[in-house]
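Reviewing the structure listed below.
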Amino acid sequence: MESKESDFRIPFPVYVVLYILALAAIVLVVKRLVPTRTAKPEIAAVVESKIDTAISEATSAQGKRRIDSLLLSISDDSKDWRERVEAVREVVAIPEINDPETLAQLYAILRRHPEGRPDDWFVVANEIMEQFRLLGVDPETYTAELIRCAQDGEVPEVTRDYAIQHLTLWIASPDPDVAMEPDQEKRDETFHEILAMIQEEENLELDMVGTSLSALHFAMGSSEFAKPTEAREALESVVLRIASGNIVTSKTNRMTALQVGAEMNLPEISMICREVLTDERMSNTTEIEIDANGFTQSDLKLSAVAALGLVGSENDLPLLESIKGSEQALSYAASAAINRISQK
């Protein structure tokens with residue numbers, strides 16, 4: 001009987017399984033030979049170490065110590081004003097200056113009475129207000145503290161006058177380099193606060209009344225107010241009451257009111273000027289006869305002539321011609337006013 005070789009064939013399903021196993025083995029070998037890329041771990045938030053904290057606190061403490069040293073220099077009336085001004089410029093650049101306690105110290109110094117060399121101190125006080133305004137250091141506090149300074153009767157008048165000027169510059173913001181401007185509502189609020197302050201009886205004889213009128217007029221023409229009509233009408237009312245003499249004040253302030261009223265082109269100013277120039281006083285007019293700075297009725301007439309040149313008409317020419325024969329200063333002023341009116 002002849003033997004036959006039996007045919008041995010791998011069934012197809014088994015073949016497929018073996019093929020897959022072979023591929024898997026190859027993949028495992030390749031993975032071992034080629035380095036695998038692992039997922040990039042997330043970077044944990046940097047936690048400040050005790051050393052970092054200590055350095056930060058030491059730096060802050062050093063800054064505060066430097067501020068204390070500079071504040072002493074600023075208020076030291078024995079030092080030269082130049083050194084004190086440099087101290088002001090340095091102190092406002094230190095980050096810790098924004099600390100409320102530190103700001104309170106500096107504003108308290110601002111209201112001080114100098115123990116000597118007052119003119120030097122006023123230069124320093126002006127520099128403090130200037131630097132804070134330009135750098136925009138805490139504008140809310142700046143406005144409130146300068147109002148407080150201007151209102152405080154215990155503060156030297158020159159410092160109060162400077163506070164008014166810087167406040168009006170602040171709300172006018174004509175300087176493109178100013179770091180931060182107040183919004184319209186804050187402008188309105190500050191404008192009316194200053195206007196109310198200068199009408200307080202204890203302030204009416206102070207030169208800051210005239211300063212405020214000029215400064216507020218400037219601010220009104222340089223800024224955008226939330227309610228510009230109300231601001232202008234309020235200013236007009238005070239200007240006319242002071243110019244007419246209906247508010248008891250100094251000749252210095254009345255002279256300023258005449259000029260501001262003329263610049264605002266208020267028609268009532270013409271009548272007031274005529275009354276001043278003819279010595280016809282309104283029945284309810286009261287004024288301090290001699291100004292604290294020594295200004296007299298003649299000086300007031302000089303201001304009235306200049307104002308009339310701005311707002312007067314041809315009907316005022318005969319009056320001005322009659323003044324040309326007066327003292328030299330009035331005569332020159334009258335000639336200038338006549339030329340100005342004739343050229344309109």
Can you list the steps and then say if V238 with L216 is a side-chain contact (heavy atoms from CB on, under 4.5 Å)?
CA-CA 11 Å; V238 177; L216 291 174; over 6 Å; no

Got more than 12 heavy atoms from elsewhere within 6.0 Å of NZ, K186?
yes

Does any non-hydrogen side-chain atom of M220 lie less than 4.5 Å from one of P228?
no

Please enumerate all residues that pass side chain to side chain contact (heavy atoms under 4.5 Å, CB included) together with V209, with sequence neighbours excluded.
I198, I242, N253

Taking the side chain as C-beta and beyond, is there a heavy-atom pair between F218 and L169 under 4.5 Å?
yes

Quick check: does any side chain N or O of T256 sit under 3.5 Å from a backbone N or O of T252, one acting as donor and the other as acceptor?
yes

Can you sort out the partners of N126 under side-chain hydrogen bond (donor to acceptor under 3.5 Å, both in side chains), two or more places apart, ordered by chain and number?
H166

Suppose we screen for side-chain hydrogen bond (donor to acceptor under 3.5 Å, both in side chains). Which residues come up paired with E202, at least two apart in sequence or across chains?
none

Determine whether the side chains of Q131 and E127 contain a donor N or O and an acceptor N or O closer than 3.5 Å.
yes

Which distance, rounded to the nearest 0.5 Å, do you find between the CE of M264 and the CG of L240?
8.0 Å

Can you check whether P114 reaches P156 side chain to side chain, under 4.5 Å on heavy atoms?
yes

Report the distance from atom CG of L213 to atom CG of L235, rounding to the nearest 0.5 Å.
6.5 Å

Rounded at 0.5 Å granularity, tell me how far CG in L310 sits from OG in S270.
9.5 Å

Is S322 reaching over with its side chain to a backbone N or O of L319, donor-acceptor style, under 3.5 angstrom?
yes

Steps toward side-chain contact (heavy atoms from CB on, under 4.5 Å) verdict (Q259, M255):
CA-CA 7 Å; Q259 292 302 310; M255 290 161 61; 6.0 Å; no

D161: partners by salt bridge (charged side-chain N to carboxylate O under 4.0 Å, His left out), with sequence neighbours left out
none

Can you sort out the partners of F191 under ring pair (Phe, Tyr, Trp, His ring centres under 6.0 Å), two or more places apart, ordered by chain and number?
F225

Can you confirm whether T211 sits close enough to T168 that some side-chain heavy atom of one is under 4.5 Å from a side-chain heavy atom of the other?
no

Give me the atom names and distance for the closest heavy-atom approach of A87 to I74.
CB-CG1, 3.8 Å

Show your reasoning for whether side-chain contact (heavy atoms from CB on, under 4.5 Å) applies to I164 and M197.
CA-CA 10 Å; I164 293 290; M197 179 174 54; 3.1 Å; yes

Residues which pass side chain to side chain contact (heavy atoms under 4.5 Å, CB included) with D120, listed by chain and number, not counting sequence neighbours
W81, R84, R117

D299 and R254 ion-paired at < 4.0 Å
no

Keeping the roles fixed (side chain from T249, backbone from L204), state whether a donor-acceptor pair exists under 3.5 Å.
yes

Run the numbers on I194 and I147 for side-chain contact (heavy atoms from CB on, under 4.5 Å), then give the verdict.
CA-CA 8 Å; I194 296 171; I147 286 286; 4.2 Å; yes

State which residues pass salt bridge (charged side-chain N to carboxylate O under 4.0 Å, His left out) with R232; sequence neighbours excluded, sorted by chain then number.
E236

Taking salt bridge (charged side-chain N to carboxylate O under 4.0 Å, His left out) as the test, write out the residues that go with E230, two or more places apart.
none

Determine the minimum heavy-atom distance between T159 and A125, stating which atoms define it.
CG2-CB, 4.5 Å

Which class fits the ring pair Y142 and F132: parallel under 30°, tilted 30 to 60°, perpendicular over 60°?
tilted

Shortest non-hydrogen contact from A226 to D188?
N-OD1, 2.8 Å

Nearest heavy atoms of K324 and I338, plus distance in Å
CD-CD1, 3.6 Å

Within a strict 4.5 Å, meaning less than it, do heavy atoms of the N203 and Q151 side chains meet?
no

Counting only heavy atoms not in R111, do more than 12 sit closer than 6.0 Å to its CZ atom?
yes

Cluster link V155 to Y107, ILVMFWY, side chain under 4.5 Å
no

What one should report as the nearest heavy-atom pair of I109 and W121 is O-CZ2, 3.3 Å

Identify, with sequence neighbours excluded, every residue that meets side-chain hydrogen bond (donor to acceptor under 3.5 Å, both in side chains) alongside S342.
none

Gap between atom CG of L70 and atom OG of S73 - 0.5 Å precision
6.0 Å

E268: what forms a side-chain hydrogen bond (donor to acceptor under 3.5 Å, both in side chains) with it, not counting sequence neighbours?
none

Name all residues meeting the side chain to side chain contact (heavy atoms under 4.5 Å, CB included) criterion together with E154; count only those two or more places apart in sequence or in a different chain, and write none if there are none.
D152

Can you name the residues that form a side chain to side chain contact (heavy atoms under 4.5 Å, CB included) with E86, not counting sequence neighbours?
R89

Please give me the minimum heavy-atom distance between L330 and K301, naming the atom from each residue.
CD2-C, 3.9 Å

To the nearest 0.5 angstrom, please state how far the OG1 atom of T143 sits from the CZ atom of R187.
11.0 Å

Please check: side-chain N/O of S237 versus main-chain N/O of E233, any donor-acceptor pairing under 3.5 Å?
no

Around atom CD of E115, are there more than 12 heavy atoms of other residues, nucleotides or ligands at under 6.0 Å?
no

Apply the test salt bridge (charged side-chain N to carboxylate O under 4.0 Å, His left out) to residues R160 and E157: give CA-CA distance (whole Å), side-chain angles for both, the deciding distance (0.1 Å), then the verdict.
CA-CA 5 Å; R160 298 174 70 188; E157 184 182 346; over 6 Å; no

May I ask you to test the D77-R112 pair for a side-chain heavy-atom distance under 4.5 Å?
yes

With rounding to the nearest 0.5 angstrom, report the OG1 to CG distance, T141 to L106.
11.5 Å

